[in-house]
Enquirer: 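My questions all concern the structure below.
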Amino acid sequence: MESSGLQRAKSGMKILKLDSKPVSLRPFYGLGAQADGHIYDSRNARYGVGKQDWELIERRLARLKLANARMFLDLRWFSPGLEAEGLGTESEDARCCVEQIVRHRKNGTLCNLVLFQPIPRRPDEVSKLVDIFMALVERLADREGLGNIRWITLWNEPDSQFLHESALMRRVFGDDGFAGRLGWEHYASANRQAYRELELRGLSRQVQLMVADCVWGAQVRAERMRLALETFGEMDVAYSYHNYNPENPDFYRGNPDFAYEGMAQEAARFRKWLGNERPLLLTEFNAVGDGFSSSFMGCGPAGAEVHGSVEGAVTVADKVLKAAAEGVDGFTIWLLHDIVIPCAESVGPFRHGLWRYKSEGWHPRPAYHYYSALMDAFRPGCAIYRVRGAGTTLGALGCIEGEYRRLAALNTGRRPARVRLEFGGMSGSMSLRRVDPARLPAVSDMPAYSEETADVKAEIVLAPGELVIAQACTSGWPQDRQAKEA
């Protein structure tokens, strides 16, 4: 007689179960987005954005309840003369920024404030800019009462501005690229100054410094992360990085300086270096294709827009599942919605959002539905678990939050996948939330999904590209308790 395991293997059934131990005991910070307040400014007003559009965006924000929001700050919005004593919130950009932090506070969203501009070009500018930024953070946290400011970051993607010396960096940037840019030592001194200022200003219990925030190719990111650990390893800081790498090995063939093993492998490497206690966040990422740039996510086969496709949405979801399973503690997608931003008004709306711009009816991209489902499932404070039995064509991740057990399964293959979920011997029913690409509506406002209830031991069939979130309750659902009592 054939064993039941062999019978299952022949049938193609995959048994998914949570690992026996969580990925870590570190806090999980959930999923969020780059979510600045520029949509309320005159730049976007010139594209016809107004009150009805703001109401739509605020309605979606209230529904999503981002776990975290990353925001760019230009010090000149608050002090045109760049003086720490002359800070104000009277300018349009300052007002839009502060009011957006308030909206995030209302939705329970923690903010990561990034010193975006100005970028120092001389060593003597570094300390002055940090001093102004820290004075601004103190004013926002104390005088404005914005207790949801959780992290600060000194400059976006500093590996583009503060270059460390290595053979790899010389090959990537060239000797000319080093001209006019400051070195790693200036980045290190700036962060040490900010770290001291958090203590001196009484903000260190609320606000954590985030370092590294590297973006260049995976080989450069590896050098930067190791350098950050060597420099700041004795400090209580968080570490961050960006990843816009196509998950396609052919993309890197013949270019070893940009070689990339994959999302899971990079996250695992960073986690190994950082150890079990240091926070690691992915603070920018998305699905990208050929020709991607700072304002466009690129194209796939036959010129299809990657970010607006189901394939792009599946890639985004798969990146989250892979990286979280390898120890990434929080995610911030670039970006919440298409928007015109101050530093790039000439290029028009940035086309990276979970939903499109006003000129395209604010229509959600498929990634909106997938990412929001993961946001709902993996909330801040839950314990993350790897999932056994997924194989190569299923992405999977689990979590435990109080009495709830959740398991996400994503079919990344081209054929239907048959799975059964194991919740540690639990009986009764489970709820299923499905994001099926064949059922995504042509027009929608809120995240779209179907819901159903099934026995916890039931077989589930996932269509190609389908995401399923299963949830079981250790105390049983009301209908299960009623059935037992009867």
Side-chain angles (χ1 to χ4, degrees), residues 30-36 38-39 49 52-70 100 103-104 107 109 244 282 284-289 292 295-298 300 304-321 324 330-340 349-379 395 397 408 410-412 433-451 463 465-469:
L31 282 65
Q34 181 84 26
D36 297 283
H38 309 308
I39 200 68
V49 176
Q52 287 186 331
D53 306 302
W54 301 333
E55 291 173 349
L56 178 148
I57 291 168
E58 290 167 14
R59 183 170 65 249
R60 291 180 180 174
L61 260 182
R63 162 61 183 85
L64 292 177
K65 296 191 182 302
L66 303 176
N68 62 78
R70 192 165 177 264
Q100 185 75 339
R103 290 184 195 95
H104 290 319
N107 290 321
T109 301
Y244 290 105
L282 181 58
E284 281 191 27
F285 74 105
N286 213 315
V288 298
F292 68 88
S295 60
F296 176 60
M297 288 278 83
E305 178 195 348
V306 167
H307 184 38
S309 67
V310 168
E311 291 77 13
V314 171
T315 296
V316 165
D318 196 41
K319 283 176 178 279
V320 172
L321 300 179
F331 298 83
T332 311
I333 196 169
W334 178 272
L335 67 132
L336 180 63
H337 54 75
D338 290 1
I339 190 173
V340 177
F350 271 36
R351 307 286 182 179
H352 306 94
L354 293 175
W355 59 85
R356 299 176 184 273
Y357 198 62
K358 179 182 175 68
S359 57
E360 297 180 290
W362 303 116
H363 286 310
R365 293 181 169 93
Y368 172 64
H369 307 291
Y370 283 75
Y371 195 68
S372 64
L374 295 177
M375 272 195 280
D376 288 346
F378 300 101
R379 297 303 301 173
L397 188 70
L410 174 70
N411 185 1
T412 62
R433 177 175 294 188
R434 294 178 176 268
V435 182
D436 183 346
R439 298 181 180 181
L440 293 180
V443 179
S444 62
D445 183 11
M446 295 293 105
Y449 50 82
S450 63
E451 288 187 305
E466 185 174 11
L467 170 67
V468 172
I469 310 290

Enquirer: Is the shortest side-chain heavy-atom distance between Leu321 and Leu374 below 4.5 Å?
Expert: yes
Enquirer: Hey, is CZ on Arg63 packed in by over 12 heavy atoms from elsewhere, all under 6.0 Å?
Expert: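 Correct, the count exceeds 12.
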Enquirer: For Glu466, does its backbone N or O pair with a side-chain atom of Asn411 as donor and acceptor, under 3.5 Å?
Expert: no
Enquirer: Are there over 12 heavy-atom neighbours, none belonging to Gln52, within less than 6.0 Å of that residue's CD?
Expert: no
Enquirer: Counting C-beta onward and ignoring hydrogens, is there a side-chain heavy-atom pair between Leu64 and Pro447 closer than 4.5 Å?
Expert: yes
Enquirer: May I ask you to test the His307-Phe296 pair for a side-chain heavy-atom distance under 4.5 Å?
Expert: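 They are not in contact (no side-chain heavy atoms under 4.5 Å apart), so the answer is no.
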Enquirer: Donor-acceptor pair, distance only, cut-off 3.5 Å: does the side chain of Tyr368 make one with the backbone of Asp445?
Expert: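 Yes, because the side chain of Tyr368 sits within donor-acceptor range (under 3.5 Å) of the backbone of Asp445.
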Enquirer: Going from CZ on Arg103 to CG on Leu61, what distance comes out if it is rounded to the nearest 0.5 angstrom?
Expert: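 It comes to 8.5 Å.
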Enquirer: Show, in sequence, the C-alpha distance, side-chain angles and deciding distance for Arg433 and Asp376, and conclude whether the side chain to side chain contact (heavy atoms under 4.5 Å, CB included) test is met.
Expert: CA-CA 10 Å; Arg433 177 175 294 188; Asp376 288 346; 2.7 Å; yes
Enquirer: Determine whether Ser444 and His369 make a side-chain contact, defined as any pair of heavy atoms from C-beta on separated by less than 4.5 Å.
Expert: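 The answer is yes; the side chains approach within 4.5 Å.
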Enquirer: How far does CG of Leu354 sit from OH of Tyr371, to the nearest 0.5 angstrom?
Expert: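 If I round to the nearest 0.5 Å, the distance is 7.5 Å.
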Enquirer: Quick check: closest heavy atoms across Met446 and Arg60, and the distance to 0.1 Å?
Expert: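 Closest pair (atom of Met446, atom of Arg60, distance): CE-CG, 3.7 Å.
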Enquirer: Give me the atom names and distance for the closest heavy-atom approach of Gly30 to Asn68.
Expert: O-ND2, 3.6 Å
Enquirer: Looking at side-chain heavy atoms only, is the closest gap between Leu440 and Val435 below 4.5 Å?
Expert: yes
Enquirer: Can you tell me how far apart CD (Glu305) and CD (Glu311) are? Round to the nearest 0.5 Å.
Expert: 12.0 Å
Enquirer: To the nearest 0.5 Å, what is the distance between CD on Gln34 and CD1 on Ile339?
Expert: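 One finds 9.5 Å between CD of Gln34 and CD1 of Ile339.
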Enquirer: For the NZ atom of Lys65 and the CZ atom of Arg379, what is their distance to the nearest 0.5 Å?
Expert: 8.5 Å
Enquirer: Please report the closest heavy-atom contact between Leu336 and Ala35, naming both atoms and the distance.
Expert: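 For Leu336 versus Ala35, the nearest heavy atoms are CD2-CB, 3.9 Å.
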Enquirer: Taking the six-membered ring for Trp, are Trp334 and Phe285 ring centroids under 6.0 Å apart?
Expert: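 For Trp334 and Phe285, the ring centres are not under 6.0 Å apart.
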Enquirer: I'd like to know whether Ile333 forms a side chain to side chain contact (heavy atoms under 4.5 Å, CB included) with Leu31, so could you lay out the CA-CA distance, the side-chain angles of the two residues, the decisive distance to 0.1 Å, and finally the verdict.
Expert: CA-CA 8 Å; Ile333 196 169; Leu31 282 65; over 6 Å; no
Enquirer: If every non-hydrogen atom of Arg365 is compared with every non-hydrogen atom of Gly353, which pair is closest and at what distance?
Expert: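 For Arg365 and Gly353, the tightest heavy-atom pair comes out as NH1-O, 2.8 Å.
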Enquirer: Could you tell me whether a side-chain N or O of Asp338 sits under 3.5 Å from a main-chain N or O of His352, the two making a donor and an acceptor?
Expert: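 Yes; judged by distance alone, with no hydrogens or angles, the pair exists.
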Enquirer: Considering all heavy atoms of both residues, which atom of Ile39 and which atom of Tyr357 are nearest to each other, and what is their separation?
Expert: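 What the structure gives for the nearest pair is CD1-CE1, 4.1 Å.
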Enquirer: With a 4.5 Å cut-off on side-chain heavy atoms, are Val316 and Tyr370 touching?
Expert: no
Enquirer: Looking at every non-hydrogen atom in both residues, tell me the closest pair between Lys319 and Phe331 and how far apart they are.
Expert: O-CE2, 4.5 Å
Enquirer: Could you walk me through whether Met375 and Leu66 satisfy the side chain to side chain contact (heavy atoms under 4.5 Å, CB included) test, starting with their C-alpha distance in whole Å, then the side-chain angles of each, then the deciding distance to 0.1 Å, before giving a yes or no?
Expert: CA-CA 7 Å; Met375 272 195 280; Leu66 303 176; 3.7 Å; yes
Enquirer: For His363 and Arg356, indicate whether the former's side chain and the latter's backbone hold a donor-acceptor pair under 3.5 Å.
Expert: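 No; zero donor-acceptor contacts below 3.5 Å.
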Enquirer: Under 3.5 Å, side chain of Asn107 to main-chain N/O of Thr109, donor-acceptor pair present?
Expert: no
Enquirer: Can you list the steps and then say if Trp362 with Val49 is a side chain to side chain contact (heavy atoms under 4.5 Å, CB included)?
Expert: CA-CA 11 Å; Trp362 303 116; Val49 176; 4.1 Å; yes
